[in-house]
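Side chains are part of it too, since the values below use all heavy atoms of this structure and drop only hydrogens, waters and symmetry mates. By convention in this document, chain letters (A, B, ...) are assigned in the order of the sequence lines, proteins followed by strands, and residues within each chain are numbered from 1.
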Amino acid sequence: MSKAITARSQDYSQWYNDLVLKAELADYSAVRGCMVIKPYGFALWENMRDALDKMFKDTGHVNAYFPLFVPKSLFEAEEKNAEGFAKECAIVTHYRLKADPTQKGKLIVDPEAKLEEELVVRPTSEAIIWNTYKNWIQSYRDLPILVNQWANVVRWEMRTRLFLRTAEFLWQEGHTAHATKEEALVETKKMLDVYADFVENWMAVPVIKGVKTANERFAGAEDTYCIEALMQDGKALQAGTSHFLGQNFAKAFDVKFSDKENKLDYVWATSWGVSTRLIGALVMAHSDDEGLILPPKIAPLQVVIVPIYKGEEQKAAIDAKVNEIVVQLKKAGIRVKYDDSDQARPGWKFAEYEMKGVPLRLALGARDLEQGVVELARRDTREKKSMPLEGITEVILAQLDAIQKNLFDRARQYRDEHITPANNWEEFVNLLDTKGGFIAAHWDGTPETEEAIKEKTKATIRCIPLDTAPEQGVCVLTGKPSTQRVLFARAY
RNA sequence: CGGGAGGUAGUUCAGCCCGGUAGAAUACCUGGUUUGGGACCAGGGGGUCGCAGGUUCGAAUCCUGUCCUCCCGACCA
């Protein structure tokens, strides 16, 4: 492993790529646009997944699993949804290979094994799920259906980046069915809140809750709610979406139910998802030029202990003490590793665990042992101090909390400092080019103006924030009247 | 999908223009000395030069095709 990664100030994109590879979160693969998630990266994803899964269960949802393949006829049923995804679908057309008669040891697609109907590899699962829900729903007594699935999806992206945009990715997709519009709307917002709660309180990444404009809306949705995060380079990243689907899919798949008065009506729907892209957000929100910085609540390892010794005798004494500490820490629920390997020297280990973003490091040497202390090093502030071994578990628990809080506060301060109002076009363009971040500006509400701004500046409307007060103003581009500021940014 | 750059030891890269026994650093293995911020000495192993064709007496090097990656553009629920 080489000794450094590209500095953020030098090349932010390269820094990100270097970091993902060197921290061993992921690797490239032999398949274009598809990555290998390595064990350390997957451990991180597992922690995120487990926390989210519990939140879903706590809000009444259950898990299920639907097929990877969607028959084309089902896929095209909801027209807007199908159109929206058509350009990035992988399609299965054959079901068999055979030996190539012209080249020994090679295989060809068997032309006689062509499928009657092509199968679309799911870019999202609304179609196959609503086709299924049709069979599950007859009356209001069958509602609501609150199902989530953890799955992979495929979107044939032209330009990919590790975690941020890959051809195949892992995610969860919730698909719910309701008797009333109101209930579906409540569900949509409830799950948006769950996402915001998770991303802020577990990942320590502050988000803005908002609604997407028509241009940015999920294909097939009535409304798309989102959480938007800000990265250290001033670009925005959509961290999660929750869609109010109205009756669009119920109509497309003919899913009706009898209400209490025995009247037939179409079912109301929502869907919501977050993906492994969140890992990209996590990396770009907190990390520095030394490597990854992980929030304790989802870090695969929260504490690493490194011994410093001369000779076997010292090592044995340190081992004995550290083993006691490890038992205590594990009892307190802390994910801890004692790296007593003799393969690397302490300095090497320090750098390695910094690259991997382990929140707290303890270093224990013979001198410390004599004095009954241990060196505590925080990854987030890179601050080191000597603490008494007595009562160290409590100190560590408090430090982990402090790190979690500091990461969030730090990211929120950066985010808050990078929401800037712009009142005219010159200001708007200038802010985008010099400062970046979110720009709060008036917009006349038309897709045409949004499109024009995008063409001129590459900035899009990230969302119409949910919690801002109405304010009279004029559109930053057209000068037409506007009633609310929206957030623009260049985005991932 | 268009334009540009790249792929040679586990890793980072030199060699390619001008064809002639495949190199460096680092990592790895063995032994020893070491260990409070990426240790040092000595010895050693490791590469069908992305893959497939072609030109040539001879190809990492020239030609063609193809795959993967990066950058720019188009696209991106």
Side-chain angles (χ1 to χ4, degrees), chain A residues 1-6 11-14 16-18 20-22 24 27-36 78 80-89 103 106 122-127 153-162 164-167 169 171 173 212 214-221 223-226 238 240-243 245 271-275 277 290-291 306-312 314-315 318 340-355 361-371 373-375 377 382 384 386 454-455 458 460 491-492:
Chain A
M1 183 160 302
S2 71
K3 289 176 183 171
I5 55 177
T6 305
D11 184 342
Y12 193 82
S13 290
Q14 196 57 48
Y16 174 81
N17 289 334
D18 286 356
V20 169
L21 297 172
K22 296 260 169 66
E24 300 189 285
D27 225 334
Y28 295 113
S29 74
V31 192
R32 173 167 49 200
C34 294
M35 65 175 175
V36 174
E78 209 295 323
K80 281 188 181 153
N81 184 252
E83 253 178 50
F85 284 103
K87 280 176 291 182
E88 41 189 332
C89 286
Q103 266 182 301
K106 302 286 182 188
R122 63 181 168 214
T124 180
S125 300
E126 275 78 3
V153 287
V154 169
R155 296 178 186 179
W156 212 263
E157 300 290 349
M158 289 298 136
R159 195 170 167 185
T160 58
R161 301 204 54 195
L162 295 167
L164 298 172
R165 176 168 284 115
T166 47
F169 57 90
W171 76 345
E173 45 182 329
K212 288 292 187 189
N215 281 354
E216 302 277 325
R217 192 179 291 151
F218 177 73
D223 260 318
T224 288
Y225 292 82
C226 63
Q238 177 178 296
T241 49
S242 183
H243 314 291
L245 301 175
S271 69
W272 26 275
V274 295
S275 71
R277 183 181 225 209
E290 311 304 318
V306 176
I308 297 159
Y309 55 90
K310 295 179 187 170
E312 284 306 310
Q314 283 191 3
K315 170 85 165 37
I318 292 168
D340 69 337
S341 119
D342 199 30
Q343 306 298 307
R345 301 170 80 244
W348 193 92
K349 293 178 185 173
F350 292 174
E352 176 67 12
Y353 291 110
E354 276 164 16
M355 182 63 75
R361 179 185 74 230
L362 269 59
L364 190 72
R367 288 206 306 264
D368 301 310
L369 207 52
E370 264 173 42
Q371 296 163 30
V373 298
V374 64
E375 183 191 82
R382 309 204 73 208
K384 290 194 280 198
S386 207
K454 184 180 174 182
E455 263 175 43
K458 290 185 184 174
T460 49
Y492 278 97

Paired with [N]: which nucleotide, if any, by Watson-Crick or G-U wobble criteria at under 3.5 Å for both distances?
N     : value
B:C76 : none
B:U64 : B:A52
B:U30 : B:A42
B:U12 : B:A24
B:A5  : B:U69

Take atom [atom1] in [N] and the same atom in [M], then report the distance between them in whole Å.
N     : M     : atom1 : result
B:U11 : B:C51 : P     : 14 Å
B:A60 : B:G20 : C1'   : 13 Å
B:G43 : B:G4  : C1'   : 46 Å
B:A9  : B:A25 : P     : 16 Å
B:A14 : B:G53 : C1'   : 28 Å
B:G15 : B:C62 : P     : 12 Å
B:U12 : B:G31 : C1'   : 28 Å
B:G73 : B:C16 : C1'   : 30 Å

Return the nearest nucleotide to the side chain of [X]; candidates are [options].
X      : options             : answer
A:P346 : B:U69, B:G73, B:U35 : B:U35
A:D342 : B:C76, B:U34, B:G37 : B:U34
A:S13  : B:G37, B:C71, B:G36 : B:C71

With A:F85 via ring-ring contact (aromatic ring centres under 6.0 Å, His included) - residues at least two apart: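 In terms of ring-ring contact (aromatic ring centres under 6.0 Å, His included), with neighbours along the sequence ignored, A:F85 is linked to A:F218.
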
With sequence neighbours excluded, tell me which residues meet ring-ring contact (aromatic ring centres under 6.0 Å, His included) with A:Y12.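 Only A:W15 meet the ring-ring contact (aromatic ring centres under 6.0 Å, His included) criterion with A:Y12.
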
Dump every N/O contact between nucleotides 1-6 of chain B and the protein below 3.5 Å, one line per pair.
{"unit_1": "B:C1", "atom_1": "N4", "unit_2": "A:M158", "atom_2": "O", "d": "3.3"}

By side-chain hydrogen bond (donor to acceptor under 3.5 Å, both in side chains), A:Q314 pairs with (sequence neighbours left out) none

Could you go through nucleotides 40-42 of chain B and list every protein N or O atom that sits under 3.5 Å from one of its N or O atoms, giving the distance for each pair?
none

May I ask you to evaluate whether [X] reaches the phosphate of [N], defined as a side-chain N or O under 4.0 Å from OP1 or OP2?
X      : N     : answer
A:Y309 : B:U34 : no
A:K87  : B:C76 : yes
A:R161 : B:U69 : no
A:R345 : B:A39 : yes
A:K384 : B:G37 : no

Set out, line by line, the N/O atom pairs under 3.5 Å between protein and nucleotides 31-33 of chain B.
none

Whole angstrom is fine here: how far is it from CG in A:N17 over to P in B:C68?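 Value for this atom pair: 17 Å.
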
